[in-house]
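The shown structure was predicted, so the numbers you read here are calculated from the model rather than taken from an experiment. Just so you know, these numbers use all the heavy atoms, side chains as well, and skip hydrogens, waters and symmetry mates.
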Amino acid sequence: MKLHEYQSKNLFAQYGVPIPKGRVAATAAEAREIADELGGRVVIKSQVLVGGRGKAGGVKLANNGDEAEQLAREILSMEIKGLPVRKVLVDQGIDIETEIYFGITNDRSARRPVLIASAAGGVDIEEVAATTPEKIIRVHVDPLLGLRDYNVNDLAAGIELPRIHWKAFGQIAHGLWKAYLESDATLAEINPLVITGDGQLLAVDGKVVLDDNALFRQQNLVEMRDLDAEDNSEIEANKFGLTYIRLDGEIGCMVNGAGLAMATMDMVKLYGGEPANFLDIGGGASEEKVAAALRIILKDKRVKAVLFNVFGGITRGDEVAKGILAALKEVNPDVPMVIRLVGTNAEEGRKLLAEADMITAETLSEAAQKAVEAAKGA
Amino acid sequence: MKLHEYQSKNLFAQYGVPIPKGRVAATAAEAREIADELGGRVVIKSQVLVGGRGKAGGVKLANNGDEAEQLAREILSMEIKGLPVRKVLVDQGIDIETEIYFGITNDRSARRPVLIASAAGGVDIEEVAATTPEKIIRVHVDPLLGLRDYNVNDLAAGIELPRIHWKAFGQIAHGLWKAYLESDATLAEINPLVITGDGQLLAVDGKVVLDDNALFRQQNLVEMRDLDAEDNSEIEANKFGLTYIRLDGEIGCMVNGAGLAMATMDMVKLYGGEPANFLDIGGGASEEKVAAALRIILKDKRVKAVLFNVFGGITRGDEVAKGILAALKEVNPDVPMVIRLVGTNAEEGRKLLAEADMITAETLSEAAQKAVEAAKGA
Amino acid sequence: MSILINKDTKVVVQGITGRQGSFHAERMIEYGTQVVAGVRPGKGGEWVLDGKVPVFDSVKIAKETTGANTSLVMVPARFAPDAMLEAADAGIPLIICLTEHIPVQDMMRVRSYLDQKGVRLVGPNCPGVQTPGECNIGIIPGDIAIPGNVGVVSRSGTLTYEVLYALKNVGIGASTCVGIGGDPINGTNFIDVLQMFQDDPGTDKVVLIGEIGGTDEEKAAQYIADNMNKPVFAFIAGKTAPPGKRMGHAGAIVEGGAGTAEDKIKALQAAGVQVADHPEQIAELIKG
Amino acid sequence: MSILINKDTKVVVQGITGRQGSFHAERMIEYGTQVVAGVRPGKGGEWVLDGKVPVFDSVKIAKETTGANTSLVMVPARFAPDAMLEAADAGIPLIICLTEHIPVQDMMRVRSYLDQKGVRLVGPNCPGVQTPGECNIGIIPGDIAIPGNVGVVSRSGTLTYEVLYALKNVGIGASTCVGIGGDPINGTNFIDVLQMFQDDPGTDKVVLIGEIGGTDEEKAAQYIADNMNKPVFAFIAGKTAPPGKRMGHAGAIVEGGAGTAEDKIKALQAAGVQVADHPEQIAELIKG
């Protein structure tokens with residue numbers, strides 16, 4: 001789950017990280033009011049959960065309340081990469097001397113948190129990493145010890161931060177660490193961390209991504225969730241304990257198990273089709289779950305055929321088949337359905353499904369081929 | 001540093017450990033008032049920092065306000081093991097069903113915290129450990145992980161705590177752990193932890209010993225310090241960065257280094273004398289420190305001779321001697337002084353001191369022998 | 001021969017009184033696995049599965065009483081980190097954790113602690129480990145694999161069943177099948193298992209089933225090139241997965257251009273590994 | 001020959017810009033010790049001790065730049081735990097910590113972490129380690145010991161100087177002298193050092209200087225009885241110390257009847273150790 005810039009920065013501020021004065025506004029009038037409060041010179045920043053909003057015109061500088069209102073109105077009517085802008089952050093204008101990148105994330109291969117900093121801040125850090133990797137300083141933190149001062153010293157020395165800023169940087173580092181730790185973030189990022197003309201350090205932009213698996217203990221943060229930024233079908237799938245990801249093809253896929261679901265998509269592609277989605281129905285296949293999954297797949301009008309691939313292991317194949325039949329009756333799809341059922345009691349299952357006017361297959365290859373053909377014929 | 005029972009229990013209560021209703025009183029009238037508030041049936045407990053106050057008559061049961069006042073008056077006029085009783089804790093009377101011992105301390109040889117529990121609570125746990133060690137359950141806690149629920153389960157299972165009490169016991173364990181951890185305790189002990197007639201768990205008595213080395217970060221707790229319970233000379237010595245411990249003999253000892261100070265005391269004893277104190281003046285020997293140490297030693301009127309044993313290593317012997325001479329001039333002692341000075345520039349130092357009417361010695365043996373003789377002659 | 005588990009393995013099931021725990025423990029016993037104990041705090045002294053398995057209050061007590069040497073963790077995600085720490089603290093040398101959805105920061109702490117204790121963890125978010133004919137720990141169906149000389153290691157569940165089943169259908173059996181799990185931070189990686197297979201005299205060929213996300217397959221390829229002389233066959237799932245999306249498994253995500261199926265396949269092929277176009281093809285490739 | 005440190009040891013001093021740190025670093029250099037670096041965050045790039053020693057912002061940078069392989073920690077108690085963790089994290093294999101008054105709970109955490117990293121810690125609250133004629137790390141005076149074949153290990157500071165000095169006065173030298181420190185939780189105990197001396201061809205006899213508190217001397221006695229063939233001589237301080245009082249050292253306390261000098265002396269004698277009545281007698285006993 002991603003937090004908006006203003007949510008991220010407010011979170012950081014709670015942990016003592018200094019941020020520019022500013023507030024979020026949902027209307028142009030509010031933006032004007034905030035700009036007037038802040039003395040006129042402000043930045044109007046669209047709050048959308050995608051990157052590249054600056055290039056898309058979603059960040060503008062205003063010199064007074066009039067300009068702020070005008071620009072806020074423009075931005076609030078935009079759509080950036082398909083997402084409507086519903087809020088803008090109105091921040092005081094900052095006199096920027098230097099821009100630093102500073103983030104904390106989980107290093108998968110080191111299996112520990114890593115602090116990342118670069119004196120070349122303000123731009124896409126992945127680009128810096130690709131072109132001038134020596135400008136990126138990484139310091140790992142032991143997960144049982146937590147952040148220590150010496151970790152911060154290594155980072156500050158690495159980016160050659162002037163000594164005069166070490167103390168402020170240390171406080172920001174500890175604040176960012178606590179924010180990362182206590183909100184179960186997978187990314188807590190300040191970019192840029194600005195050194196202002198008068199020598200202050202300020203987190204001018206912020207980004208937080210939370211670990212979806214830890215949301216059960218982050219109720220306060222879950223309330224900040226912006227459902228606008230998420231696919232409706234994915235939200236719907238989540239409710240039923242399904243994992244659904246919309247793709248661009250025409251063959252709907254319903255599979256038990258994430259790895260098998262990916263492999264099924266790959267097979268569709270291999271035989272000349274395009275998968276319309278990733279969908280993992282997980283272990284077992286209750287009627288309710290299968291029906292919900294079918295509804296979600298068929299809501300996508302591009303879908304020309306549905307491919308079921310179920311490895312009946314723990315769950316018996318005949319029971320899976322019955323679940324599917326019941327779901328079909330409820331949803332009543334008008335596209336061809338191909339099913340491949342293997343494992344325990346698969347034979348019985350296949351018989352039940354053949355009677356129900358489904359195309360059956362023995363192997364995954366056969367199933368994928370039949371689904372691609374069926375989609376072409378539909 | 002030790003906390004009183006009422007201080008310990010209040011600390012525990014801050015971490016969610018249930019304690020009996022009650023308050024501390026400095027006068028008999030206050031005790032009556034508290035007893036009346038609590039419904040009459042109360043326990044009056046002397047608050048002194050020594051063990052065995054129950055056997056000494058410092059804990060009494062009262063059935064009403066009159067009795068409470070009377071007993072509080074008696075207890076407040078007592079002295080227990082040389083310490084005056086200045087306060088009593090007035091606690092509601094508890095209907096005790098079972099008494100459990102529960103403590104957390106630092107296991108020196110395992111180098112980690114240890115939870116200790118016993119179903120045979122309410123009595124001296126060291127006695128239980130000595131006579132029926134199988135009744136003591138010990139569970140170590142990893143210092144980097146902190147207390148985990150399974151540690152508590154092992155403990156509860158070990159003392160065969162009835163299942164119905166596991167949840168309450170778990171909360172108490174986590175509370176006691178947090179108290180131990182956040183106050184830098186070397187001991188946090190509930191004895192007895194009582195199961196009442198109506199099935200509640202209550203910490204009826206409590207004891208906390210703090211790590212003196214961690215007091216710099218425990219300002220709130222330092223304010224609870226009861227100087228009555230400590231030796232005046234030891235307090236005075238502390239102010240000068242000296243470690244002084246009063247003993248029962250007649251030969252005052254002043255030594256640099258704790259190990260050497262103990263060895264010096266042992267030598268005095270070996271040659272038929274008795275040391276009057278342990279005193280470590282630490283590294284170096286500034287005039288100010290030596291003078292303070294001398295004053296403290298000589299305040300003890302039983303002292304018949306003073307033995308200096310200084311290994312001038314880092315500090316040069318002549319400088320040590322000068323410090324001692326200046327201190328002698330200031331304090332002007334009327335008992336014989338024996339000094340043994342070795343190491344860097346010891347020769348020069350010894351010459352300086354011999355002129356100052358001090359008995360000098362080359363070896364520790366010789367010094368101890370001379371001090372014992374001098375004390376007998378004095 | 002086999003790796004990790006065999007007929008002498010004694011299993012304690014943490015979470016045996018749960019719906020999943022009791023169901024799968026029963027299957028494991030039917031398979032012939034020695035399930036010697038279950039753990040459920042506060043339920044010590046009870047017996048479950050028709051009196052076949054005693055329940056203890058803690059892993060420590062279970063181990064002391066039954067000699068269990070492997071723990072299967074099947075408790076909910078919020079309790080799983082402590083369950084693994086408990087097993088490690090109790091001196092269990094092998095922990096197999098099936099639990100899905102464990103927070104990443106918890107897993108980093110757990111893994112760090114287990115490493116310091118020298119404890120091997122398989123999983124989390126894995127189907128378990130099976131040595132066909134001897135011992136089955138977890139939820140891999142018992143009837144889809146036969147004993148044999150092919151070692152199987154995989155980040156996936158049902159995709160692995162698919163491969164085992166395809167192998168069985170052409171008469172090829174497995175020495176041991178290890179599901180290492182689909183989480184970004186896990187206990188045992190490909191290289192750990194490849195090394196065990198290379199050293200296991202009962203394993204002649206190895207199947208590696210990978211997927212998008214991370215660089216473990218690339219590292220495995222390097223290891224294979226440098227250290228293995230047994231033939232390795234592979235399948236990588238997720239060629240069609242879009243970047244920036246977690247494909248069901250928390251670890252299956254292409255991020256910042258890294259972790260694509262193409263990169264992994266190239267690396268494996270460069271290491272001499274035969275990479276199948278689809279999972280069923282693995283069986284054909286091995287049959288040769 | 002020697003243990004722990006020798007002429008090739010390269011020392012980084014954590015806290016070199018402090019009064020104590022700079023004073024003793026200077027003495028160490030005079031002795032001939034290779035003090036290659038100092039650490040003081042925020043002072044990286046400066047040079048101290050008349051331009052002899054470069055200062056770095058962290059141990060990691062100091063190690064990378066100078067190849068330091070031993071750290072001397074001389075920072076105040078509240079910073080010492082982090083200083084030790086930092087040295088361990090930077091990959092320094094030997095840490096000698098002189099700092100006194102470190103909170104016990106901090107030390108338990110530090111020791112646990114250092115153990116997991118496989119780092120050897122000597123101290124805290126110790127005078128350091130000296131290999132006469134080669135290397136001196138800490139505050140043991142340089143002129144009180146001569147090179148020789150007697151290994152010395154001690155919980156005390158000046159009491160150790162006393163013994164070294166007495167040995168020197170009768171012409172006996174030391175292979176290495178290790179002050180393990182007077183704190184209840186420390187890094188290296190008697191057994192660790194006894195084992196090193198037993199294995200060191202340059203050490204023929206061993207002196208152990210113990211004191212009241214804990215049971216390390218008793219365990220050492222057991223170790224000597226079971227594993228050592230080199231003669232061991234001992235002195236135990238604190239025969240006259242009253243119970244329940246910390247005698248200067250945080251670890252020197254008789255608690256609950258345990259840790260008395262009598263118990264330790266008995267245990268050592270039972271292990272065949274010659275125990276001296278007073279420290280100077282050690283030299284006589286060794287001379288024989």
Side-chain angles (χ1 to χ4, degrees), chain B residues 98 100 102 104 106-107 109-119 133-178 180-181 193 195 199-201, chain C residues 12-17 37-46 54-66 68 71 73 75-92 95 97 99 102 105-119 121:
Chain B
T98 311
I100 293 165
F102 187 17
I104 304 178
N106 301 326
D107 184 334
S109 61
R111 296 183 305 270
R112 48 186 56 200
V114 62
L115 310 179
I116 304 173
S118 175
E134 72 282 1
K135 285 190 181 163
I136 308 264
I137 305 300
R138 286 185 180 80
V139 173
H140 287 98
V141 175
D142 186 281
L144 291 177
L145 286 184
L147 184 69
R148 319 304 297 198
D149 284 339
Y150 62 83
N151 298 138
V152 184
N153 294 336
D154 274 335
L155 208 64
I159 62 169
E160 294 177 7
L161 184 72
R163 310 283 183 207
I164 196 171
H165 300 305
W166 280 39
K167 201 178 157 193
F169 184 74
Q171 281 169 355
I172 290 169
H174 282 283
L176 190 65
W177 170 261
K178 270 197 115 171
Y180 155 86
L181 195 73
L193 174 65
I195 302 178
Q200 303 301 304
L201 269 67
Chain C
V12 50
V13 178
Q14 292 179 257
I16 198 164
T17 59
V39 167
R40 173 66 197 272
K43 301 277 184 194
E46 298 184 4
V55 178
F56 299 89
D57 285 314
S58 76
V59 179
K60 192 174 158 214
I61 305 171
K63 178 176 182 271
E64 283 164 7
T65 313
T66 66
S71 170
V73 174
V75 302
R78 66 186 72 190
F79 304 114
D82 258 21
M84 290 184 269
L85 297 174
E86 176 176 0
D89 253 4
I92 298 281
I95 302 170
C97 179
T99 308
I102 298 175
Q105 292 194 17
D106 286 351
M107 265 320 294
M108 291 194 291
R109 286 184 284 265
V110 168
R111 174 70 200 265
S112 173
Y113 189 72
L114 266 51
D115 281 355
Q116 112 192 32
K117 289 267 175 184
V119 170
L121 167 70

Problem - All side-chain hydrogen bond (donor to acceptor under 3.5 Å, both in side chains) counterparts of C:Thr17, not counting sequence neighbours - result: C:Arg40
Completion exercise
Expected contact set for residues 161-168 of chain B against chain C at heavy-atom separation under 4.5 Å reads B:Arg163, B:Trp166
Side-chain donor/acceptor pairs under 3.5 Å, residues 106-113 of chain C, sequence neighbours excluded:
unit_1	atom_1	unit_2	atom_2	d
C:Asp106	OD1	A:Arg217	NH2	3.0
C:Asp106	OD1	C:Arg109	NH2	3.0
C:Asp106	OD2	A:Arg217	NH1	3.0
C:Asp106	OD2	A:Arg217	NH2	3.2
C:Arg111	NE	C:Asp115	OD1	2.9
C:Arg111	NE	C:Asp115	OD2	3.3
C:Arg111	NH1	C:Asn186	O	2.8
C:Arg111	NH1	C:Gly187	O	3.2
C:Tyr113	OH	B:Asp142	OD2	3.4
C:Tyr113	OH	C:Asp89	OD1	2.5

Handout entry: Which residues share a side-chain hydrogen bond (donor to acceptor under 3.5 Å, both in side chains) with B:Arg148, sequence neighbours left out
Key = C:Asp82
Handout entry: Close side-chain approach of B:Ile104 to B:Val141, heavy-atom, < 4.5 Å
Key = no
Practice task
Step through the shown structure and confirm whether more than 12 heavy atoms of other residues, nucleotides or ligands are within 6.0 Å of NZ on B:Lys178.
Solution key: no
Practice task
For C:Glu86 and B:Tyr150, indicate whether the former's side chain and the latter's backbone hold a donor-acceptor pair under 3.5 Å.
Solution key: no
